[in-house]
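Below, all heavy atoms of this structure are taken into account, side chains as well, without hydrogens, waters or symmetry copies. Order of the sequence lines sets the chain letters (A, B, ...), proteins ahead of strands, with each chain counted from 1.
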Protein chains: 2
Amino acid sequence: MDICTRLGKNVRRLREEKGWSQEDYADRAGIHRTYVSDIERGRRNPTVTVVEKLAVPFDVRPGELLD
Amino acid sequence: MDICTRLGKNVRRLREEKGWSQEDYADRAGIHRTYVSDIERGRRNPTVTVVEKLAVPFDVRPGELLD
DNA sequence: CTGTGACTGAGAGTCCGTC
DNA sequence: TGACGGACTCTCAGTCACA
């Protein structure tokens, strides 16, 4: 499976575990809501700085999002 | 420490452990030599697909390069 | 062998919407 | 709430000559 798809699935899974909407999560991560939507669907190829931002609200290491 | 710097240090450390030159490694990863040079010095902010390419020659999970 | 500045096309990332 | 589109700016991907 493509690494962007894996990233997207991990983000969605963790976000839903927290019970957050995409908008809630986007605000916590400091990222635009439409961008989160694209990422969860594997339609974007984010940079490592974005991966770091994505990891903050979940309190996990950035690398975990790529597993 | 900045995530780009961490990535760069990890790549350089692993590359030197293997005894490869930047050029050897770049060829194995399918990336340009000068681009590897930039990444090792933390001057670039690569996308996750690049991180995936970087991980291949080392036979590690892409996420490990971000630790 | 490696660092660096410069360059171009592609795409990252934001913001406005509608359904 | 989330999918999706359009339009926009700015940075990244990828390469080269040269130090």
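Under a hydrophobic clustering in which Ile, Leu, Val, Met, Phe, Trp and Tyr are joined whenever their side-chain heavy atoms come within less than 4.5 Å, directly or via other members, Leu7(B) and Val60(B) fall into the same cluster.
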Listed pairs, N/O of protein and of nucleotides 15-19 of chain D, under 3.5 Å:
| unit_1 | atom_1 | unit_2 | atom_2 | d |
| --- | --- | --- | --- | --- |
| dC16(D) | N4 | Thr34(B) | OG1 | 3.1 |

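Atom CH2 of Trp20(B) and atom C1' of dT2(C) are 18 Å apart (whole Å). Atom-to-atom, CG of Leu54(B) to P of dG14(D) comes out at 11 Å; the value is rounded to the nearest Å. Rounded to whole angstrom, the span from the NZ atom of Lys53(A) across to the C1' atom of dT14(C) amounts to 11 Å.
With a 4.5 Å cut-off on side-chain heavy atoms, Lys18(B) and Tyr25(B) do not count as touching.
Contacts between residues 22-29 of chain B and DNA chain D, defined by a heavy-atom separation below 4.0 Å, involve no residue at all.
Each of Arg33(A), Arg13(A), Arg15(A), Arg6(A) was evaluated against Glu40(A); a single residue qualifies, Arg15(A), per the salt bridge (charged side-chain N to carboxylate O under 4.0 Å, His left out) test.
Rounded to the nearest 0.5 Å, atoms CG (Leu54(A)) and OH (Tyr35(A)) are 8.0 Å apart. Taking NE2 of His32(B) as the start and CD of Glu23(B) as the end, the distance is 8.5 Å to the nearest 0.5 Å. One finds the CD1 atom of Ile31(A) at 11.5 Å from the CG atom of Asp38(A) (value rounded to the nearest 0.5 Å). Between Lys9(B) atom NZ and Asp67(B) atom CG the span is 15.0 Å, to the nearest 0.5 Å.
Of the possible polar contacts, none joining the Arg44(B) side chain to the Ile39(B) backbone as a donor-acceptor pair under 3.5 Å is found.
Note on Arg41(A): a side-chain N or O is less than 4.0 Å away from OP1 or OP2 of dC4(D). Taking only side-chain nitrogens and oxygens, Ser21(A) never comes nearer than 4.0 Å to OP1 or OP2 of dT1(D). A sub-4.0 Å separation between OP1 or OP2 of dG5(C) and a side-chain N or O of Arg43(B) is present. Residue Thr47(B) places none of its side-chain N or O atoms closer than 4.0 Å to OP1 or OP2 of dC12(D).
When the nucleotides dG13(C), dC12(D), dG2(D) are ranked by their closest atom to the side chain of Asn45(B), dC12(D) comes out on top.
Using modelled atom types and a 3.5 Å distance limit, the side chains of Ser37(A) and Arg41(A) yield a donor-acceptor pair.
When both distances must be under 3.5 Å, the Watson-Crick or G-U wobble mate of dT1(D) does not exist.
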